[in-house]
Amino acid sequence: MRNGPLLVTFFTGALLVAFFFIPHHSAQKMQSVMLDWANVVYAFALILGSITLWTVHQRKVTSRAPGWAFSVVTLSALAFMTGAGVLQGVEEGTLVNRFYNIANYHLVSTMFALLAFFIASAAFRAFRARNVEATLLLVTAIVMMIGRVSIGEYIWQGFPALTEWLLDVPNLAAKRAIAIGIGLGAVSTALKIILGIDRSYLGRS
Amino acid sequence: MTPELDTRLFEPGRLNLLIGLVLFLIFLFVNIARAKRGASMFIRPIAGLAAIEEALGRATEMGRPVLYLPGLGDMSEVGTLAAITILSRVARRTAELGCDLEVPGYDPVATTMLESAAREAYVQAGRGDSFRPGTVHYVSAQQFAYVAAVTGYMLRERPAANIFMGSFYAESLFLAETGNVTGAIQIAGTDQVTQLPFFVCACDYALLGEELYAASAYLGQEPIQLATIAAQDWAKAAAAIIVVVGVIATALGHPEVGRLRQTQ
Amino acid sequence: MARRPLAPRLLRLDRRVIFILVALATAIPLLFPVNLPISVSPRVRAAFDTVDKQPAGGYVLMSLDYEPDIAAELQPMSISMLRHCFRKGLKPVILTLYPAAPGLIERALNEAADAEGKKRNEDYVFLGYKSGSQSVILGLGESIRTMFPTDFWGTPLDSIPMMRGHNSYADFPLVINMAGSRIADYYIQIAATRYRRPLVLGATAVMTTDYYPYLSSGQILGLIGGMKGAAEYEVLNNLVGNGRRGMDAQSVVHVLIVILVIVGNLALLLTGGLRRRGGGA
């Protein structure tokens, strides 16, 4: 019984690896079904996650922890959107859809836009010529930032070509090397999980 | 050929991948056998991982929590699996040191796994009763809603150490910069190559790519785990040899050798 | 009291000052456009040429997979790509794998179709959203109708004349994907590699370099990267959209960041020099 999850992991993982090499239509169909199962599991886990979210914030409200008012907002929003979604659905014109377009759309765009400010402050702090590597990073970053925008061509005609070379040669070489390492690391980690060598995801050493 | 008509049992265009996979498995089993026989497995020092102990110690002395972010991947991403295994090591140390741990989860399935790993780590450290419910909690499966919650926590609670391990995306700089404002020591590791530059610039220590996957083995120093890193290194050496052979063959006028690496 | 030297103060420049400068550098060029020239890169030219040489009446499968956070980069390229398809007389069939994308895509379609005088279900079909990512991309190889029995507005695909005889990748000579996530990887693995469909990608600036290896290996035929790529595609189509409008602001902000970096390094140099001479505050 204790080995049940390990066996499920092994057979599921091994099957999906095998399906990669088997083009038979039945195998591909089974693969598609298994991927759909993953979506179903996710849907149930979402319920579990929502319960955890509710519990955490309810505890903050009942114990009047600092910032508990924000937890009231969170709980109200969770209850409202869940109820509205269940009763009305999420199609165009429903409350959920309208709130999504009015609030979420703009909040998400704003948060993403804040990255521009963070990049500027991070660049100011991090791009300091403290040693050889940092200086190389600094010079490359300056060339890239100028070369990738219209103003680069105004300053020097060769900027776009230099930028393209930097992207095509040293950048691509380093990316490929890192990608090979990551790919092999991913295979190793996945095999450890499938073969049961690493069981920490089950809460066991 | 449409899949409905496809009755082949093997895709010949992927033979090279199958050979590679079998070779990797051979490397894995050989190194596990070596580990069981007591062969010493050297792993080079990784500054970011060595700094985790320092970060946890700092948090304990300052009486401030440790924030552990497992990334924004789901359970199908290997980075998330790596994050879970690293959390079990980190949680064990926080249990032993008696400092607070906070783990906001992004993916609901991953969050349940993270909680289970953290709880078990506390039990193994003999501190099962001090595992606080809510240590690992689900926040949101929306990228920037998650970021807003986490950065809010950082600014309010001012954790002494921020550990980012897993798959991060556009929010990486957001998190790292906000953590920098609070003065926390920051250690990051991600398998998302596009986010590595942001972590390198904004964090005190950064694990590059596969170092994230090696982290669990590095922290635990268990022979079998180290054996898998050795297998990885052997596979990388084999890949490098194949690349070099292909380049030389192509330069000598035999591009078909390089094309053996192509797959369908 | 002696004034503190400038260099150490610059090194500790309040980040709020930087934020204000960035805000001004973004807002001013948007309010007062300069219209800096934009040169077209070979990758975007390749994407344009791939679409341009499709024969009139040809079908294109377009997967537009982005949400509001990255719409600033991907929406302009989607609009100019749609307009290019319409001008060439191509028939795009559009779908999305992101739940928050349909609203954005509807806007893009309305803008492009109105500008080129095209009609829904005669000149283009919008299938809407389907959850599942990889399984949907796989399923498109078998049957589009299984994945999308109706279009976004509920019309059964069988009753749309434009969709007759078009039910899988095999019926589309070109696939275009605009995404800021690993959806693009799935299209490369499945549509381009398994089903051997010509594929053109649009991606965010940060992710664009991830796809350079696929471009050099021929697995994708063109790559439009970020707002610059969108602006280049607009140039090729003689359009002025948000891509070109945004490039002025992006140029100024980049220059500002470079100036800040140089100032920071000068301050570091001077601070180091002041310490060596024993001077200071």
Side-chain angles (χ1 to χ4, degrees), chain A residues 17 20-25 27-29 38 41-42 45-53 55-56 59 66-67 70 104 107-108 110-112 114-115 118-119 121-123 125-127 137 175 178-182 184-193 195 197-198 200-205, chain B residues 3-11 14 18 21 24-25 28 74 76 78 81-82 84-85 88 105 108-109 111-113 116-117 119-120 124 134 137-139 141-142 144 147-148 156 170 173-174 176-177 191 193 198 201-202 208-210 212-214 216 224-225 228-229 231-232 235-236 239:
Chain A
V17 170
F20 180 77
F21 297 101
I22 304 172
H24 195 285
H25 62 94
Q28 295 308 306
K29 188 79 187 163
V41 169
Y42 180 86
L46 203 54
I47 298 170
L48 196 61
S50 301
I51 292 171
T52 320
L53 184 69
T55 313
V56 163
R59 207 176 287 129
F70 297 108
N104 194 282
L107 286 169
V108 168
T110 305
M111 293 285 287
F112 200 83
L114 291 176
L115 275 174
F118 283 113
I119 283 171
S121 69
R125 204 187 64 251
F127 292 155
L137 176 67
K175 268 200 170 221
I178 294 175
I180 289 172
I182 287 175
L184 291 170
V187 170
S188 172
T189 306
L191 283 175
K192 277 194 290 186
I193 303 283
L195 297 174
I197 296 169
D198 194 329
S200 51
Y201 67 98
L202 289 174
R204 301 179 208 168
S205 58
Chain B
E4 292 88 40
L5 303 174
D6 203 328
T7 53
R8 292 175 299 156
L9 291 175
F10 183 72
E11 173 61 69
R14 293 181 179 174
L18 183 62
L21 183 62
F24 196 102
L25 282 168
L28 195 62
D74 55 30
S76 68
V78 186
L81 296 171
I84 293 170
T85 55
S88 64
V109 177
T111 305
T112 55
M113 295 293 172
S116 156
R119 189 188 296 274
E120 180 63 25
Q124 283 175 9
H137 60 272
Y138 170 71
V139 174
Q142 277 254 313
F144 283 104
V147 167
R156 285 190 308 271
L173 185 64
F174 218 119
E177 270 299 286
D191 53 353
V193 180
F198 300 121
C201 285
L208 306 181
E210 62 185 312
L212 171 70
Y213 303 134
S216 176
I224 305 286
Q225 297 279 350
T228 62
I229 307 300
Q232 218 173 294
K236 224 189 315 181

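In the text below, chain A, chain B and the rest are named by the order of the sequence lines, each starting its count at 1. Below, each value reflects all heavy atoms present in this structure, side chains not excepted, and no hydrogens, waters or symmetry copies.
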*Asks:* Name the region of A:L184, side chain, backbone, both or neither, that has any atom closer than 4.5 Å to a heavy atom of chain B.
*Replies:* both
*Asks:* Contact part of B:A148 toward chain A, heavy-atom cut-off under 4.5 Å: side chain, backbone, both or neither?
*Replies:* both
*Asks:* Given a strict heavy-atom distance threshold of 4.5 Å, which part of A:S121 is in contact with chain B: side chain, backbone, both, or neither?
*Replies:* both
*Asks:* When rounded to the nearest 0.5 angstrom, what is the spacing between OG1 in B:T7 and CD1 in A:I22?
*Replies:* 13.0 Å
*Asks:* What distance do B:L21 atom CG and A:L191 atom CG have between them, rounded to the nearest 0.5 Å?
*Replies:* 6.5 Å
*Asks:* Which bit of B:S88 is near chain A, if near means a heavy-atom gap under 4.5 Å: side chain, backbone, both or neither?
*Replies:*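 For B:S88, side-chain heavy atoms alone lie under 4.5 Å from chain A.
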*Asks:* Supply the atom-to-atom distance A:T189 OG1 to B:L81 CG, rounded to the nearest 0.5 angstrom.
*Replies:*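 These two atoms lie 7.5 Å from each other.
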*Asks:* Could you tell me which non-hydrogen atom of B:F24 sits nearest to which non-hydrogen atom of A:S188, and how far apart they are?
*Replies:*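 Shortest heavy-atom contact: CZ-CB, 3.6 Å.
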*Asks:* Which region of B:S76, side chain (C-beta onward) or backbone (N, CA, C, O), has a non-hydrogen atom less than 4.5 Å from a non-hydrogen atom of chain A, or is it both or neither?
*Replies:* neither
*Asks:* Please verify the inter-ring angle class for B:F174 with A:F118; under 30° counts as parallel, over 60° as perpendicular, anything in between as tilted.
*Replies:* tilted
*Asks:* Among A:K29, A:K175, A:K192, who wins on heavy-atom pairs under 4.5 Å with chain B?
*Replies:*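 Ranked by heavy-atom pairs under 4.5 Å with chain B, first place is A:K192.
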*Asks:* Let me know if B:A202 has heavy atoms under 4.5 Å from chain A in its side chain, its backbone, both or neither.
*Replies:* both
*Asks:* Got a second to check how far A:L115's CG is from B:F144's CZ, nearest 0.5 Å?
*Replies:* 5.0 Å
*Asks:* Between A:L195 and B:L25, is there a side-chain heavy-atom distance shorter than 4.5 Å?
*Replies:*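 Result yes, sub-4.5 Å side-chain heavy-atom pair found.
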*Asks:* For A:F70, does the CZ atom sit with more than 12 other heavy atoms under 6.0 Å from it, leaving out its own atoms?
*Replies:* no
*Asks:* Any side-chain heavy atom of A:I178 within less than 4.5 Å of one from B:L208?
*Replies:*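 No, every pair of side-chain atoms sits at 4.5 Å or beyond.
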*Asks:* Looking at NE2 of B:H137 and CZ of A:R59, how far apart are the two atoms once the value is rounded to the nearest 0.5 Å?
*Replies:*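 The CZ atom of A:R59 is 10.5 Å from NE2 of B:H137, to the nearest 0.5 Å.
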*Asks:* At their closest point, which heavy atom of B:S216 faces which heavy atom of A:D198, and how far apart are they?
*Replies:*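 Distance-wise, the nearest heavy atoms are OG-OD2, 4.3 Å.
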*Asks:* Check each atom of A:L53 against the heavy atoms of chain B and say whether the ones under 4.5 Å are side chain, backbone, both or neither.
*Replies:* both
*Asks:* Could you tell me which portion of A:I182 (side chain, backbone, both or neither) has an atom closer than 4.5 angstrom to a non-hydrogen atom of chain B?
*Replies:*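 For A:I182, the contact with chain B is made by backbone and side chain together.
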*Asks:* Which atoms of B:T85 are under 4.5 Å from chain A, going by heavy atoms: the side chain, the backbone, both sets, or neither?
*Replies:*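 Both parts, backbone and side chain.
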*Asks:* With rounding to the nearest 0.5 Å, note down the distance linking CG in A:L114 to CD in B:E177.
*Replies:*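 So the gap between those two atoms works out to 12.5 Å.
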*Asks:* Looking only at heavy atoms, what is the nearest atom pair of A:F112 and B:A170, with distance?
*Replies:*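 It is CE1-CB, 3.4 Å.
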*Asks:* In terms of heavy-atom proximity below 4.5 Å to chain B, should A:I51 be classed as side chain, backbone, both, or neither?
*Replies:*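 Nothing of A:I51, per the 4.5 Å heavy-atom cut-off to chain B.
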